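First up is the structure itself, then whatever we jot down about it.
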Amino acid sequence: MRSPVLSLTSALAFAAIAFPATAEGKLTVYTYESFTAGWGPGPQVKKAFEAECACTVDFVSVADGVALLNRVKLEGASTKADIVLGLDTNLTAEAKATGLFAPHGAAGENVKVPGDWSDDTFVPYDYSYFAVVYDTDKLKTPPKSLKELVEGDPEQKIAIQDPRTSTPGLGLLLWVKSVYGDKAPEAWAKLKGRVLTVTPGWSEAYGLFTKGEAPMVLSYTTSPAYHMVAESTERYQAATFEEGHYLQIEVAGITTTGAKNPLSEKFMAFMTGPGFQDVIPETNWMLPAGKTDKPLNPAFDKLVKPAKTLLFSADEVAANRKAWVDEWLGVMSK
Amino acid sequence: MPLARDPRIAAGVIALAAIGILVGGAFVGLGIEAWRNPEGALAAIDPYLLRVARFTLWQAMLSTLLSVAPAILVARALSRHPEFPGRGLILRLFAVPLALPAIVAALGILSLYGRAGYFAEPLTALTGGTWPGIYGLSGILVAHVFFNLPLATRLMLEALQTVPADQWRLASQLGMGARSSFRLIEWPALRAALPGIAGLVFMLCITSFTIVLTLGGGPAATTLEVAIYQALRFDFDPARAVALTVLQIALTAIVVLALMRLGANTTGDANLPVARRNFIQAKAGEATFNAAAILLALAFVGGPMLATVAAGLKADLGRLAGETSVQRATLTSIILATLSATLAAILALALVTARRALATVRNSRKKTILERFTDTGAGFVLVVPPIVIGAGWFVLVRQSVDVFALAPFMVVAVNAVMAMPFAVRAIRPAHDAASERHERLCAQLGISGWNRLRLIDWPVLRRPLATAFAFAMALSLGDLGVIALFGSDAVQTLPYLLLARMGSYRTDDAAGLALMLGLLCLALMMLADRLGKETPR
Amino acid sequence: MTSAAVHLDQLVFSYADTMVRFDVTFAPGEITAIMGPSGAGKSTLLNLVAGFETPREGQVLIGDMDVTSAPPADRPVSMVFQENNLFAHLDIASNVGLGRSPALRLSATDKQDVATALARVGLAGMEHRLPRELSGGERQRVALARVLVRDRPILLLDEPFASLGPALRDDMLELLASVQAERGMTVLFVTHQPEDARKLAENMVFVEGGRVAAAGKTADFFKSSGPEAFRHYIGNERQ
């Protein structure tokens, strides 16, 4: 018997070495899976940009933003990606530290996101706020503030995500931190009684929520838009919190590989223009960061518009994340 | 007999080497990376981690006990009633949980026992207060039993089937009741297989991830696997990941070695099974008890599955089945699972035959290291998280090759190695019993190597091999492990698609895909059963 | 086929905490009965000749050939066990045919030989039966048929008829005697029945405590001047 593992591996190694170099007139974009899915923005974006640039766009997708960064890190300078699209602002400091990204030029001028977030390397393409989404059938009086959420009836449960394994989980952690500051551990200690369970990712928590296990879930202000537009139901709504909402911005950047490809800057300009931005709301279910040509679906007007935007800088998050997560663990795992 | 002459031992050594390279290579990859930044390894050990380790062990031990003890009753009942209505279907259904992604199973279980589950109202009425759902340790245990009770039942049934028919005949002739035939016939057969099965279940529970987090109610319920995942995925801290993996292996080793001490290495009666089955005549009281055991297990395992089916039927199945992405993912899943299962069965067969050959030549001397590795040792791959293997290899070879083109091969190799311990459990009882009968005769007649496999072992091992294959396939079908870290468009399997749909509000689609995944698994089980049927002569 | 002597030369073998030493020669072309109390080492002796066990010291010689380290299949030896002589899933013809080709690739001549051998042991026409359809005596006849097609000069029998009734047993002994007479094999026959030895074997080897305690003509053993240990053993057996 030959060792199948070995022979497979060596066969592959050979195939990989023989892999041809990137062809001219081709742009490789690394992004996350739901971007390139049939219902996601990917297919329309590809079509529109290819018509404009007379080139080929090659999407390579991974599970989510974190996997995206890991993949680029692992590939290092030899990455095939010209553009990495789909990191969020909590990941940008770490991404920059890899030295694998190049400054983007002028593309940032076309976009405007709350809190005037801007960066020389990464360009926002959409954003949303974290919010507590609730089931109007089950919960008649949703909390009106983070304080009310923390101190409310422990029988009304909320499903949240683990900040160690998920982006929204980290979002809630930062939200509580930005509102409560040093008092965050006390807030978590109170909130703990309302927490039904802490899931590894957004999907599990949202699944529990739509199954009726919890009347509330941590999600986005834009979540109700999906239910209104795609399912024509107003049953699920986001609660407006007085203290403001924590912002999530999704960004794209040019890699050092992509800096050599003239198509990269073209794509960044396209990304911030209407050809891309028009597609975003009803495919990615996020708010466009740049100008759109078409008016947004009226459902988006019904969404929560936070009075105040909460956001830590990428550097602050990078510097404190571990300590804050440990602090959270200390309270929640008692 | 000199060792070198026996091709079975050579095959076992090659299989071990393949597994060793897969795991070792990953450790080398992470080790090199960890060397550059070793402080993570030390920082990993803190009081929180010790709490995690304690909880990990505690839940795994309880889960194992609760899965294995009832499985003895159920397996025994099934073995004593070969004509039980629907027995074949029950056994096939018992393989389905393995193929379900953890979150699907968790949601299925919550449909029954959750706060909004079918049983919530009666339970609220019964307990007085609002039914709080099963979040916490109880939820984790229910889910682990859901996964592992059917697995343990099938593996134990496999062990019980090695009891020679003559013994059953003898038992019924001697008028042995249920109690004494259990004590004198079934228990000895089970006892030999029990440590292996319990060890397997324990390892599955110790590495549980999604179940523990989703049903655990909060980070107090966390396993080491979560910490490893966090270390690699979020912090990319290979030193910590390696340290935690080593800790996980060490903890598992302690428990599994303790389990081994409980087991006896008995080999059954070596006589020719001349009599046709079945001579068991259970009395009415015992028959009722057995029927109750089977039906209870069926209800426990079938309930969440029914809930999954009910949820799946709400989806637009016609549209789903028509989607190219679904068809492609189904095909990808089937191909990857078939390859993994084939590889797993080959590895398992090589290890089982090598172990037996080594045990035969050593007589009463102590087991050699090699034999230990072909025995329990190789099973420890189960507690090496696939994410560690994936990451390690990717780090190791990224300089020289396009690592992401490797993804499909990685998935096949890792799934095969992870399914191998199950295949070993399925094959070993039948193989060893047959070997006990045939060893001297084969040596005497010079039947070895390919001839032995073809003429002697294959006919005997056909059915257990089919079981092993089916289990390995189910396991690979539901797996997400390797792709979890990086994802890859090259390996968009059904569970991957399912999670992607769930992650973009499409819960109905996800439920529909779960149903399709379950049906696919069931179909494969039926196919495997057909392939495994001994052809009547 | 020429007859060959079996010579165990200063053989030492240990297993767990027991140790045996054999130094004995079995006459070529004759039947030797091996008797002795349970656990004396009779089966070990056969296993050493057959090659299932490897001695720590000494040599196993068959004729002039040193087979001490040869694997069982390479020795000029056939063996019939008390049980498990047949593969349950293979039919009778295949079970016998394996004696000719371990790959079960049988030429027309081979098949003819198998049929002849089966007829010789009184199982003509049973080629396609499975072992479970046969009685215990018939199964041992199949094993003998395989010995015939294998055609090796040495035959080892480890209590092959222990589970058969007296009449059947006599039939088998007769069959064995006539087969041996035809082929001139050197037969080592482990038995617990003095009657078997008396009927069949010219020679006797008495094993006790892992050693050959006495060896000689069977007839001499049953005389009142026979070895003391043997008489004692028989006496015990008869009680």
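Letters go in sequence order (proteins before strands), and every chain restarts at 1. Just so it is clear, the structure is predicted and the values come from calculations on it, not from any experiment.
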More than 12 heavy atoms of other groups within 6.0 Å of B/Phe373 CZ: no

C/Thr109: which residues meet the side-chain hydrogen bond (donor to acceptor under 3.5 Å, both in side chains) condition with it, sequence neighbours left out? none

Lys/Arg N to Asp/Glu carboxylate O, C/Glu138 vs C/Arg129, below 4.0 Å: no

Go through the atoms of C/Arg105 and report whether side chain, backbone, both or neither lie under 4.5 Å from a heavy atom of chain B. side chain

Is it the side chain or the backbone of C/Ser78 that comes within 4.5 Å of chain B heavy atoms, both, or neither? both

Whatever's closer than 4.5 Å to a heavy atom in chain C on B/Arg452 counts as neither

C/Ala201: what forms a side-chain contact (heavy atoms from CB on, under 4.5 Å) with it, not counting sequence neighbours? C/Ile31, C/Ala33, C/Thr218

Whatever's closer than 4.5 Å to a heavy atom in chain B on C/Arg150 counts as side chain

